[in-house]
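In this text, all values refer to a predicted model and were calculated from it rather than measured experimentally. Per chain, numbering begins at 1; letters A, B, ... match sequence-line order.
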Amino acid sequence: MSVQKREVLPVKNSNDVVLARQKVRQLAVELRFSLVDQTKLVTAASELARNALDHGKGGSMTVEVIVNGARSGLKMVFEDQGPGIANIEDALKDGFTTGNGMGLGLGGSKRLVNDFSIETEVGKGTRITAVRWK
Amino acid sequence: MNDLAEIISQNEDRLRTEWIRTMSSSVERADLISKAEMNEQCGSILKEIVEGVKTSGPENLSGAGWNGTRELLSSISASRARQGFSPTDVATFVLSLKQPLFVLIRDKMGKSPDQLFETVWSSTRLLDSLALITTEAYTATREELIMRQQQELLELSTPVVKLWDGILALPIIGTLDSARTQVVMESLLQAVVATNSRYAIIDITGVPTVDTLVAQHLLKTITAARLMGAECIISGVRPQIAQTIVHLGINLEDVITKAKLSDAFGLALQRSGRAVVKTAAAAAANPLSGLFGKREE
Ligand SMILES: Nc1ncnc2c1ncn2[C@@H]1O[C@H](COP(=O)(O)OP(=O)(O)OP(=O)(O)O)[C@@H](O)[C@H]1O
Ligand SMILES: [Mg+2]
């Protein structure tokens with residue numbers, strides 16, 4: 001698997017979330033993802049970036065254009081040094097929220113992409129990786 | 001450092017005239033301000049500077065003696081920021097006092113180089129600090145202006161339009177963040193009350209991303225409108241947005257959604273007991289319409 005392109009963007013305020021979405025849209029268009037897939041990627045990026053901001057006290061997004069044999073895809077990594085997620089299973093449940101959101105963002109983004117993984121440690125931070133293949 | 005105060009107060013008229021002359025040659029938009037006003041402003045600044053130097057000394061600009069100068073300069077810079085002066089112009093306003101002042105200091109202390117140097121040095125530092133005050137006030141005013149314009153833009157960008165008696169439409173264009181939602185909600189609720197409307201169509205064709213936050217904001221707006229007695233219809237739900245909403249697990253079952261604004265309008269008309277019918281007169285007025293058949297359906 002090779003990385004064709006990598007960009008790192010800060011996620012420190014709500015304007016950064018808008019910029020993160022725009023970057024993902026731009027790369028998804030470049031990769032010629034279908035309109036539906038573009039929308040899925042952008043929406044997942046929006047959810048995960050906002051989680052990193054709201055729950056993780058801000059962090060960063062790394063986007064990569066990756067190629068695996070004949071397949072190409074977009075990989076997004078959201079990292080923060082926030083409080084971490086105590087119970088991943090709960091956090092992924094629809095309707096579970098520790099804030100005042102709908103509690104759908106995390107589980108929803110998992111359904112919007114092909115590969116999804118959460119690495120987290122309480123008190124240290126969270127890294128969420130999401131990939132959608134073409 | 002009362003020498004400086006003395007030099008200024010003893011030569012106030014001359015200093016002011018020279019100052020204004022230097023300034024008018026270097027400030028680009030000197031025409032934006034009248035001569036009389038300029039004369040008055042410069043006169044009061046010189047008086048305040050004398051007061052400051054006497055009371056708190058030329059070094060300690062945070063001292064109480066400088067309150068008058070600081071306030072005066074800030075208010076002058078603020079009004080210039082509004083008038084359209086550039087930041088350079090505003091700083092130059094104070095800095096052009098340097099040359100005429102230095103000339104006066106030389107006239108008075110030319111024979112004693114040490115004293116001359118010291119007085120020039122402390123007045124140059126003083127005027128630099130005063131210039132900084134003007135720049136800060138200028139920036140603060142510009143920021144205020146920008147904030148206000150953003151606020152106005154926010155309101156401009158969420159117009160509520162009356163489509164028919166009792167039917168409103170609210171086309172949303174751009175990101176629906178929390179600040180925006182507040183404005184959208186307020187203008188919608190106000191319009192519902194003012195026009196006594198029963199139906200409100202929120203068109204999201206222009207919203208690029210509908211995520212859980214946007215959905216939550218929409219649902220809040222709909223609930224609030226319902227409390228005011230208006231039913232909301234969401235239109236402009238594009239196919240890709242519909243799919244994404246389903247994957248996110250957002251429940252819009254209690255909300256009426258339509259693909260197009262025209263569909264939503266049709267539904268609102270129907271629910272309010274109205275129907276759109278084609279009259280013979282219209283068909284006659286447009287004889288070509290028959291050639292193309294019923295394109296809409
Ligand atoms: N980066 C993170 N750091 C710490 N906790 C997190 C992080 N991301 C998610 N969580 C936890 O998981 C919960 C569920 O997240 P999810 O995105 O599904 O819902 P939400 O953000 O609360 O609401 P919304 O539906 O608006 O996204 C959050 O309430 C939070 O407790
Ligand atoms: Mg979330």
Side-chain angles (χ1 to χ4, degrees), chain A residues 11 13-26 28-29 33-55 61 76 78 91-114 116 130 132, chain B residues 143 146-147 149-151 153-154 157-158 172-185 204-224 234-255 257 259-260:
Chain A
V11 181
N13 54 50
S14 57
N15 195 43
D16 288 344
V17 177
V18 177
L19 296 178
R21 281 204 295 263
Q22 283 171 356
K23 175 54 70 186
V24 169
R25 188 182 297 279
Q26 178 207 331
V29 169
F33 270 105
S34 72
L35 192 52
V36 172
D37 284 353
Q38 286 172 29
T39 310
K40 287 180 177 174
L41 275 162
V42 171
T43 311
S46 183
E47 295 297 343
L48 297 173
R50 204 152 33 72
N51 278 354
L53 177 67
D54 290 350
H55 308 299
M61 171 183 85
M76 313 182 284
F78 298 84
L92 280 168
K93 273 190 200 131
D94 282 354
F96 177 90
T97 177
T98 55
N100 41 24
M102 300 179 96
L104 295 172
L106 197 59
S109 356
K110 186 177 177 184
R111 291 187 288 268
L112 288 170
V113 297
N114 301 121
F116 189 85
R132 185 154 188 107
Chain B
E143 269 165 16
I146 293 172
M147 287 265 287
Q149 281 165 350
Q150 273 177 345
Q151 214 53 43
L153 211 61
L154 213 57
S157 59
T158 49
I172 302 177
I173 294 167
T175 311
L176 198 57
D177 58 15
S178 304
R180 190 85 189 284
T181 306
Q182 199 55 40
V183 176
V184 165
M185 206 183 308
I204 59 166
T205 309
V207 179
T209 310
V210 179
D211 59 5
T212 57
L213 189 69
V214 171
Q216 196 182 22
H217 286 153
L218 281 174
L219 291 172
K220 266 189 200 152
T221 308
I222 293 170
T223 309
I234 306 267
S235 70
V237 183
R238 288 152 288 158
Q240 65 273 25
I241 300 280
Q243 283 199 42
T244 315
I245 288 178
V246 171
H247 281 291
L248 280 177
I250 297 166
N251 183 0
L252 290 182
E253 267 164 30
D254 296 336
V255 181
T257 58
K260 287 183 287 181

Toward chain A, the part of B:Q243 with a non-hydrogen atom under 4.5 Å: side chain

Among B:I250, B:V210, B:T212, B:L219, single out the residue with the greatest number of heavy-atom pairs under 4.5 Å to chain A. B:T212

Of the listed B:T209, B:I241, B:T175, B:L248, the one with the largest count of heavy-atom pairs under 4.5 Å with chain A is B:L248

B:H247 side chain reached by A:T43 side chain, heavy atoms, under 4.5 Å: no

Side-chain heavy atoms of B:P208 within contact of A:R25, under 4.5 Å: yes

Ignoring hydrogens, what is the shortest heavy-atom contact between A:M102 and B:A215? Give both atom names and the distance. SD-CB, 4.3 Å

Which value, rounded to the nearest 0.5 Å, describes the distance between A:L35 atom CG and B:R238 atom CZ? 8.0 Å

Gap separating the CG atom of A:D54 from the CG atom of B:L213, nearest 0.5 angstrom: 8.0 Å

For A:S34, which atoms come within 4.5 Å of any heavy atom of chain B: side chain, backbone, both, or neither? neither

Heavy-atom cut-off 4.5 Å, strictly under: side chain, backbone, both or neither for A:N15 against chain B? neither

Any donor-acceptor N/O pair, B:Q240 side chain to A:Q38 backbone, under 3.5 Å: no

